[in-house]
There are 2 protein chains.
Amino acid sequence: MASIKDVAAEAGLSVATVSRVLNDHPSVSDDARRRVMAAVEALSYRPNAVARSLRTDQTRTLGLVISDVMNPYFTELARSVEEEARALGYSVIIGNADERPELQDHHVTTLLDRRIDGLLVSPTDRGSPRMLEAARAGTPMVFVDRWIPGVDVPVVRSDGRDAVRDLVAHLHALGHRRLAIIAGPAATTTGRERVDAFREALGDHGLDLPDAYIGQGDFQADSGRRVTEGFLDLAEPPEVVFAADNLMALGALDAVRARGLRVPDDLALAAFDDVRWFVHTDPPVTAIAQPTGALGRAAVRALVDRIEGGPGESVTLPARLVVRRSCGEPAPTTQSPHPSPVRRSTS
Amino acid sequence: MASIKDVAAEAGLSVATVSRVLNDHPSVSDDARRRVMAAVEALSYRPNAVARSLRTDQTRTLGLVISDVMNPYFTELARSVEEEARALGYSVIIGNADERPELQDHHVTTLLDRRIDGLLVSPTDRGSPRMLEAARAGTPMVFVDRWIPGVDVPVVRSDGRDAVRDLVAHLHALGHRRLAIIAGPAATTTGRERVDAFREALGDHGLDLPDAYIGQGDFQADSGRRVTEGFLDLAEPPEVVFAADNLMALGALDAVRARGLRVPDDLALAAFDDVRWFVHTDPPVTAIAQPTGALGRAAVRALVDRIEGGPGESVTLPARLVVRRSCGEPAPTTQSPHPSPVRRSTS
DNA sequence: CTGAAAGCGCTTACAG
DNA sequence: CTGAAAGCGCTTACAG
């Protein structure tokens, strides 16, 4: 591959001058500029970003460590992050933690070793020493979606409290009284907050959330299935299950289907996170939608601000309830077109 | 951030020796090793990967340029690629082309500028000059899923021919005779091959594929919707639509639902690519499943082989048909539990 | 406007 | 086993 030296030789100029025209430095003669451009063209020269980074101490790269790429919510988040970053002249390297702290730590380490300019993270846990140290050491960093209390880093996330309140009101109006939740890991903020918001909303209606109705999931589908089976085995199963993310809702659908039961007749279902497929599931799933694209863009802007020495603004955006049919038919509607027999769990 | 010089000073040794222990070079005394380790620990030193890359001319990084991250098939592919790469000691940087040639080219350029050790690509088109030149220049490269004829690069993909044949046999047995396809872009191999396989399989049953039954999509949901609407508006609409990927199948479901029609009664549906949600759609969707994880792993192995100077083996894995209910009930089964009225397109 | 030179943080022959 | 030195490909004060 041609280096800047080759270009300089081809153009009959010094590497300093070549570098200047490549970086649009003002003090270059038109003649020099022309000759350099011609040489660049002739040699198909492309600057080596590695060398440039070593010299300038910036990589124009952002690291994004997310909990699970296979989760459509995070996939969309990653996509919007990349788009906004690209618009601002940055590349992004994604690290998929797969909800595993060691993997998260591996990616944080790798990213830091590569000297990314800033780090966007949606922590899987309360933070590894490496991550906390990086934050303390002043590595530009911002949390997206999930965050770690006590760490002084801007947070960009959505607040689902009002949407959860709307959801519970909706469920209550439909006559449901026994409401359960499939929670995310207690080590994550979203894992805890969604349970708290749910409990609080239940309280508004004089309902409480017994421990038996709090299932411990891990934001992945299998756990949603397992927890739902547990609920169904209860002497008094819940009437509704609220899954704290879309994958656990998928798992809940698996469980219901495996028992030959039906949603919402045997068990109503709602989910945090709205995904496109929810429109076409049987039945369409009522969900809480986050402004995912806006979140990703705001996170990048906050991070780039930090990189440039700014404070990096924290942002909280509201989520909203999208009612579909998985919690029961709204009252005024005519009878469902497929009246299915109400079967009950046999246990 | 501490550099190797700081470590050398702290350990009272030369940077050469520090470098040797960091790289597990055999000729280092135990004493030196101990002192270096202690210094590394004391300073929380981490080698600068940028400097190392510049010196060694390798980044231990693979580039992956895929057509669309939001497509679950590619998300899963990306995930398996990253896993296998990590197991082999490589990181991966993903570039999302979003089915846009210019964006694909942007990512190829950026990746090459960063001097990735090898490139994995699922081309959106027939290849940009930059990509073709990189291949010719000997940049280690392998195509995954889609490929470019005439370019001498290993190809790792799945062959859906047999599965498509099985699908058509299934449709034929169900009594369907008017079969249509929502094709991918003709600029892609998968766009063309799936149509060819479909036409060929139809031929086996004495059926042909009229132009009116070939809808031009772009592998994204909206095009599936648009094409399906066109089919539904035909004087003689097809009885079945085969979407060449899962997103266009989603779009087809949108179109059918928007008209108040039902699958499979009004229009049967099958898709290339199986996704988890297909189990829970209304009705569950019959699909052709690719061995996505195996594809990703094989692609990485081929690429790493090329990087190490090997030939890089091309691999073709079979896809298989997964029958569900979106094309109609299999004959022996009892009546569907929700007999819905057969409505027809009004046009 | 242009060039020679230093230096970014490493690795690695080459001597000793 | 250890160190001094060169060099990877750039950028950027410093002189001129």
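Here is how names work: the chains are called A, B, and so on, in the same order as the sequence lines, proteins then strands, and each is numbered from 1.
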- Query: Does any N or O in the side chain of B/T139 come within less than 3.5 Å of the main-chain N or O of B/A135, such that one atom is a donor and the other an acceptor?
  - Reply: no
- Can you name the side-chain contact (heavy atoms from CB on, under 4.5 Å) partners of B/A2, sequence neighbours left out? B/D6, B/L43, B/Y45
- Message: Tell me every residue that passes side-chain contact (heavy atoms from CB on, under 4.5 Å) with B/T59, counting only those two or more places apart in sequence or in another chain.
- Response: A/V50, B/S53, B/T61, B/R115, B/D117
- Query: Which residues satisfy the side-chain contact (heavy atoms from CB on, under 4.5 Å) test with A/A78, sequence neighbours excluded?
  - Reply: A/L64, A/I66, A/I94
- Task: Give one of base, sugar-phosphate or nothing for B/S27, where a contact means two heavy atoms less than 4.0 Å apart.
- Result: base
- Taking only Lys NZ, Arg NE, NH1 and NH2, and the carboxylate oxygens of Asp or Glu, determine whether A/D31 and A/R35 approach each other closer than 4.0 Å. yes
Pairs under 3.5 Å (N/O, protein and nucleotides 13-16 of chain D):
{"from": "D/dA13", "atom 1": "N6", "to": "A/R20", "atom 2": "NH2", "distance (Å)": "3.1"}

- Query: B/R55 has an atom CZ; how far is it from atom P of C/dG7, in whole Å?
  - Reply: 19 Å
- Message: Does this structure show an ion pair linking B/E99 with B/R146, if we count only N-O contacts that are shorter than 4.0 Å?
- Response: yes
- Task: Give the intermediate values and the outcome of salt bridge (charged side-chain N to carboxylate O under 4.0 Å, His left out) for residues A/R79 and B/D98.
- Result: CA-CA 10 Å; A/R79 182 186 201 233; B/D98 227 350; 2.4 Å; yes
- Of B/T56 and B/V15, whose closest DNA chain D nucleotide lies nearer the 5' terminus? B/V15
- So what does A/L22 hit on the nucleic acid, given a heavy-atom distance under 4.0 Å: a base, only sugar-phosphate, or nothing? nothing
- Message: Base, sugar-phosphate or nothing for A/S19? Non-hydrogen atoms, less than 4.0 Å.
- Response: base
- Item | Upstream residue (5' side of DNA chain D) when B/A32 and B/A51 are each assigned their closest nucleotide | B/A32
- Query: Just how far, in rounded Å, is P of C/dT12 from CG of B/D57?
  - Reply: 11 Å
- For A/R86, the option from A/E83, A/E84, A/E82 that meets salt bridge (charged side-chain N to carboxylate O under 4.0 Å, His left out): A/E82
- Task: For A/H25 and D/dC10, give me the distance from atom NE2 to atom C1', rounded to whole Å.
- Result: 16 Å
- Find the distance B/L13:CG to D/dG3:C1' and express it as a whole number of Å. 10 Å
- Query: OP1 or OP2 of D/dA4 sitting under 4.0 Å from any side-chain N/O of B/S14?
  - Reply: no
- Please name all residues satisfying salt bridge (Lys or Arg N to Asp or Glu O under 4.0 Å) with B/D68, sequence neighbours left out, ordered by chain then number. none
- Query: According to a strict under-4.0 Å criterion, is B/N23 in side-chain N/O contact with OP1 or OP2 of C/dT11?
  - Reply: yes
- Message: Using OP1 and OP2 only, check whether a side-chain N or O of B/S29 sits under 4.0 Å from D/dC1.
- Response: no
- Message: Please report the distance, rounded to the nearest Å, between NZ in A/K5 and P in D/dC10.
- Response: 10 Å
- Message: Counting only side-chain heavy atoms from C-beta out, which of D/dG3, D/dT11, C/dC8 sits nearest to A/L54?
- Response: C/dC8
- Message: Reading 5' to 3' and counting Watson-Crick or G-U wobble pairs with both distances under 3.5 Å, write the dot-bracket notation for DNA chain C, | for bases paired outside the strand.
- Response: |||.||||||||.|||
